[in-house]
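Right, one structure below, let's go through it.
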Amino acid sequence: MQIKLADFIKDSPAGAEAAAIVQRCVHCGFCTATCPTYQLLGDELDGPRGRIYLIKRVLEGVEPTTKTQQHLDRCLTCNSCETTCPSGVQYGRLVDIGRRVVDERVARSLRSRLWRTGIKEVCSGPLFAPALKLARWLRPLLPTALQHKIQRASPAGAWPRRQHARKMLLLAGCVQPAMSPNINAATARVFDALGIELLVPAAAGCCGAIRHHLSDQSGALEHAKRNIDAWWPHIQAGAEALVMNASGCGAMVREYAHLLRHDAHYAIKAARVSALTRDVAELLPALLTPLLAQRGKGARLVFHPPCTLQHAQKIRGVVEAMLQASGAEVLSFSESHLCCGSAGTYALLQPQLANQLRDRKLAALLASRPDTILSANIGCISHLAGAARVPVQHWIEWVDARLT
């Protein structure tokens with residue numbers, strides 16, 4: 001039975017949303033100039049305009065094929081096209097709906113289903129830490145391509161023990177504590193130096209982005225509801241903000257209000273949670289700039305702004321300005337708007353394209369010979385570190401080292 005646009009709109013809130021987004025697209029083509037996959041492949045169907053055309057045809061009743069699925073799979077959901085679009089088309093939401101509809105119609109191979117299920121179950125739950133520990137132990141025996149993706153974690157250092165009247169919540173994340181535990185510890189130390197205590201509710205976990213972008217919307221919503229339940233008592237007790245030091249998680253949690261807007265029990269809570277969500281780049285630069293004066297002198301830094309920071313959350317320039325004010329030399333680079341190829345699970349599902357984008361990004365980042373590459377998302381950091389010739393770390397770690 002074919003999907004008809006009228007029935008999909010009538011029977012599903014997602015259908016009405018998809019139709020409204022499609023209708024806003026005027027097909028001007030500005031988005032193709034900033035689409036990473038179009039830049040690499042030069043295929044109209046591997047750009048936002050072409051993918052919108054494919055989704056529209058599917059919603060109108062045209063049977064999707066494995067080629068349709070492939071073109072949608074190749075999208076990084078980097079949202080660069082949204083930054084460029086003069087009509088404000090919310091392409092990221094549309095492609096998530098389109099993928100789900102196509103995945104319901106086009107069966108994947110057994111190998112693909114097992115791989116995607118493994119990623120969802122391992123990367124978004126408690127299995128990730130032991131799996132990574134085993135992979136690190138077996139690293140010399142793994143193929144070179146996998147060895148680059150498995151980095152040794154730097155020691156985390158001490159978590160601050162002082163209590164403060166000002167309290168905020170920190171999302172620890174699902175992969176970050178195992179891949180780079182120092183990011184969370186460094187964040188807590190920096191906030192502690194500013195008189196703010198970070199609380200990490202044990203019941204909170206993966207933000208849900210991994211499942212959401214792999215067409216498991218129901219699983220993503222369960223993660224969102226679990227996190228809201230974990231945070232809500234602290235919010236009621238006066239927690240000032242939900243702190244995100246992984247920009248990908250921040251982008252997802254800001255979407256909770258939208259994703260749960262039709263849920264009678266969670267809609268109000270989700271709206272409150274999204275409103276309280278703040279990336280560290282929004283909270284800290286104004287407070288840190290006076291403390292960092294001249295502490296970065298002599299450093300040559302380049303900052304890679306993740307797509308989830310600059311495109312999804314529209315946070316631009318504040319980290320670079322803070323680093324510059326510290327006395328560091330902050331180097332510019334070309335194509336800063338293009339994705340590095342990490343994009344959550346993209347590097348695992350589309351390794352060839354991801355590595356091409358990584359190498360292109362590193363060539364731009366390293367052209368001015370920086371001492372260190374800084375970023376703001378664990379996926380970007382680990383992806384770039386696998387092939388970089390200089391250290392790659394979260395900017396909060398660099399700041400923490402200057403304050404201690």
Side-chain angles (χ1 to χ4, degrees), residues 123-133 136 151-164 166-210 223 226-227 230-231 234 239-253 273 276-285 287-288 306 308-309 313 315 319 342 344 372 374-385 391-404:
C123 292
S124 64
L127 292 175
F128 182 79
L132 181 61
K133 184 177 181 180
R136 283 172 172 159
Q151 306 296 315
R152 297 194 178 279
S154 57
W159 192 278
R161 295 180 177 275
R162 294 190 301 174
Q163 294 185 339
H164 300 284
R166 296 187 66 187
K167 300 183 190 300
M168 298 182 183
L169 302 174
L170 175 69
L171 175 64
C174 49
V175 301
Q176 186 166 278
M179 293 182 71
S180 188
N182 190 50
I183 294 176
N184 287 343
T187 303
R189 290 192 293 267
V190 171
F191 274 81
D192 178 66
L194 297 169
I196 302 170
E197 182 181 356
L198 291 186
L199 306 176
V200 184
C206 179
C207 66
I210 290 174
H223 281 311
R226 177 206 58 206
N227 289 342
W231 294 328
H234 299 280
E240 295 180 36
L242 280 160
V243 176
M244 302 290 157
N245 58 16
S247 59
C249 296
M252 181 64 185
V253 177
V273 163
L276 286 174
T277 299
R278 295 289 184 275
D279 190 271
V280 284
E282 294 175 284
L283 291 167
L284 292 181
L287 299 172
L288 284 173
T308 44
L309 188 71
Q313 300 190 73
I315 301 170
V319 175
S342 172
T372 306
L374 301 180
S375 193
N377 190 61
I378 182 60
C380 301
I381 292 166
S382 60
H383 187 54
L384 294 172
V392 184
Q393 61 180 171
H394 197 293
W395 68 264
I396 199 75
E397 296 180 278
W398 186 89
V399 167
D400 174 55
R402 304 284 133 0
L403 293 180
T404 54

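FYI, side chains are in, hydrogens and waters are out, and symmetry mates aren't considered; it's all heavy atoms of this structure.
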Kindly give the heavy-atom pair with the smallest separation between [X] and [Y], and that separation in Å.
X	Y	value
His394	Asn245	NE2-O, 2.7 Å
Trp231	Pro201	CD1-CG, 3.8 Å
Ala178	Pro181	O-CD, 4.0 Å
Arg226	Ala203	CD-O, 3.4 Å
Asp279	Ala281	OD1-N, 2.8 Å
Val200	Ala172	CG1-CB, 3.9 Å

Got a second to check how far [X]'s [atom1] is from [Y]'s [atom2], nearest 0.5 Å?
X	Y	atom1	atom2	answer
Ser180	Gln393	OG	CD	9.0 Å
Thr308	Asn377	OG1	CG	4.5 Å
Thr187	Ile196	OG1	CD1	12.0 Å
Leu309	Glu282	CG	CD	8.0 Å
Cys206	Leu171	SG	CG	8.5 Å
Asn227	Cys249	CG	SG	9.5 Å

Classify the side-chain pair His164/Asp192 by whether it contains a donor and acceptor separated by less than 3.5 Å. yes
* Asked: Looking just at side-chain N and O atoms, do Asn182 and Arg189 make a donor-acceptor pair shorter than 3.5 Å?
  -> yes
Are any side-chain N or O atoms of Gln313 and backbone N or O atoms of Ser247, one a donor and one an acceptor, separated by less than 3.5 Å?
-> yes
What I'd like to find out is whether the side chain of [X] reaches to under 4.5 Å of the side chain of [Y], using heavy atoms alone.
X	Y	value
His223	Ser124	yes
Gln176	Asn184	yes
Leu199	Met168	no
Ile183	Trp395	no
Leu283	Val243	yes
Leu288	Val399	yes
Ile396	Leu284	yes

Side chain to side chain contact (heavy atoms under 4.5 Å, CB included) with Met244: of Leu169, Thr277, Leu170, only one passes, and it is Thr277
Residues passing the salt bridge (charged side-chain N to carboxylate O under 4.0 Å, His left out) test with Arg161, sequence neighbours excluded, are none
### Message
Using a strict threshold of under 4.0 Å (side-chain N to carboxylate O), is an ion pair present between Arg166 and Glu240?
### Response
yes
